[in-house]
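One structure is given below, encoded as structure tokens.
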Amino acid sequence: NMARAHQLAEDVLARDPENLHASTVAGSYSVEQQDMEAAEKHFGRIVERQPQNGRGWLGLGLVRLYQQKHAESIQALDEAVRLMPNNSGTIVALGWAKLASRDARAAERTFRQAVAVDRNFAEAHGGLASALALQGRADEAQQAAKLANGLDRMNFGGRFAQSVLFKIRGNTEAATELLVRLMEQAPAPDSKSLMEHLRTYGMKHLPKTPPGNPDDLKP
């Protein structure tokens, strides 16, 4: 219940502006709402006061990933993984940052690290499947996706990998259909769908194109 958690965090911060736990909750809520200016302030305050706080570095890494500052994102998430080496979710986030920077081989190594930490985490196998699929290693990707989907049929990484595999095999219609279903899926029962997050991102960042002049269409 992030709305309630955020309300409680703000109540704490009103009395104790330097409270690191409340700052973590407020920063996480801000990331979810795509208010990256607020998120950056919260997580920046955390790592400034406590440089060994892995959750602070994780938050900063996600902010930089949103800003498409891939090198800075990877650097922050590397630090988060160093501080929280047994947190498979943090390692998976680093893997996706490497995929976003178009380094599928480095992402593969990172996702394998996540699998080694927790072999029962579907998103670790799903991320690995995606990294393999984007390298064109279809058979290996299919096996990793099968493992991911067996652990959690709604996992993101395995289903994304399957859409890539459909595309590789020339089944564009199936790839598109699966990707649309994936985008309409909400990561948690009370959260927005991925498509809603994309719409919010577009409204914040994509340029507003004015309507065309009808005269421009005349021969």
Side-chain angles (χ1 to χ4, degrees), residues 28 31 43 54-172 174-183 185 187-188 194-195 197-198 201:
S28 299
V31 168
F43 289 122
R55 291 182 65 82
W57 285 109
L58 171 61
L60 275 182
L62 295 176
V63 170
R64 297 291 179 252
L65 184 58
Y66 178 92
Q67 296 168 338
Q68 298 188 49
K69 297 178 179 178
H70 297 134
E72 292 179 35
S73 174
I74 290 170
Q75 184 177 12
L77 291 171
D78 261 330
E79 183 66 8
V81 170
R82 185 184 72 80
L83 294 166
M84 301 185 296
N86 295 318
N87 189 312
S88 186
T90 300
I91 303 171
V92 165
L94 175 59
W96 281 105
K98 291 179 178 179
L99 271 188
S101 70
R102 301 178 183 274
D103 191 345
R105 289 188 178 183
E108 177 192 347
R109 292 192 293 272
T110 299
F111 287 125
R112 290 192 186 280
Q113 180 184 350
V115 169
V117 167
D118 184 356
R119 298 191 64 83
N120 293 318
F121 186 32
E123 291 296 351
H125 294 281
L128 176 59
S130 296
L132 292 168
L134 290 170
Q135 293 178 69
R137 293 158 62 184
D139 291 341
E140 294 172 84
Q142 187 64 55
Q143 181 62 27
K146 182 179 179 181
L147 282 170
N149 295 334
L151 290 165
D152 176 8
R153 64 185 181 84
M154 301 301 289
N155 81 93
F156 176 86
R159 298 171 77 198
F160 177 81
Q162 286 182 312
S163 72
V164 175
L165 291 173
F166 278 135
K167 183 73 173 178
I168 290 173
R169 292 163 180 162
N171 195 339
T172 303
T176 302
E177 182 181 343
L178 179 56
L179 195 57
V180 168
R181 290 204 309 268
L182 186 58
M183 291 298 104
Q185 173 185 323
L194 297 174
M195 186 65 75
H197 282 296
L198 286 173
Y201 182 89

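Sequential numbering from 1 along the given sequence is applied to the chain's residues. Side-chain atoms are counted along with the backbone in the values below, which use heavy atoms only and exclude waters and symmetry mates.
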Can you list, pair by pair, the side-chain donor-acceptor contacts under 3.5 Å of residues 91-103, counting residues two or more places apart and other chains?
| from | atom 1 | to | atom 2 | distance (Å) |
| --- | --- | --- | --- | --- |
| K98 | NZ | T110 | OG1 | 2.9 |
| S101 | OG | K98 | O | 2.8 |
| D103 | OD1 | A106 | N | 3.2 |

field: Separation between NZ of K167 and OG1 of T172, rounded to the nearest 0.5 Å
entry: 4.0 Å

- prompt: Should V63 and K69 count as side-chain neighbours, where that means a heavy-atom distance under 4.5 Å?
  reply: no

query: Of all heavy-atom pairs between A122 and N155, which one has the smallest distance, and what is that distance?
result: CB-CB, 3.9 Å

field: F111/S130 under side-chain contact (heavy atoms from CB on, under 4.5 Å): CA gap, chis, key distance, verdict
entry: CA-CA 10 Å; F111 287 125; S130 296; 5.6 Å; no

- prompt: So how far is it from S73 OG to L60 CG, rounded to the nearest 0.5 Å?
  reply: 10.0 Å

- prompt: What pairs of residues pass the salt bridge (Lys or Arg N to Asp or Glu O under 4.0 Å) test when at least one of them lies in residues 115-129, not counting sequence neighbours?
  reply: none

message: For E72, give me all partners under side-chain hydrogen bond (donor to acceptor under 3.5 Å, both in side chains), at least two apart in sequence or on another chain.
response: R64

message: Test of understanding: with salt bridge (charged side-chain N to carboxylate O under 4.0 Å, His left out), list the residues that count as partners of R137, not counting sequence neighbours.
response: E108, E140

query: Any idea which heavy atoms bring A133 and A141 closest together, and the distance?
result: N-CB, 3.5 Å

Non-neighbouring partners of A80 that pass side-chain contact (heavy atoms from CB on, under 4.5 Å), sequence neighbours left out: W57, L58, M84, T90

query: Is it the case that more than 12 heavy atoms not belonging to Q142 sit under 6.0 Å from its CD atom?
result: yes

field: Minimal non-hydrogen separation, G158 against A145, with atom names
entry: O-CB, 3.9 Å

message: Distance check, rounded to the nearest 0.5 Å: F121 atom CZ versus L147 atom CG?
response: 14.5 Å

query: Does atom CZ of R169 have more than 12 heavy-atom neighbours, drawn from other residues, nucleotides or ligands, at distances under 6.0 Å?
result: yes

- request: Could you tell me which residues satisfy salt bridge (charged side-chain N to carboxylate O under 4.0 Å, His left out) with R82, sequence neighbours excluded, listed by chain and number?
  value: E79

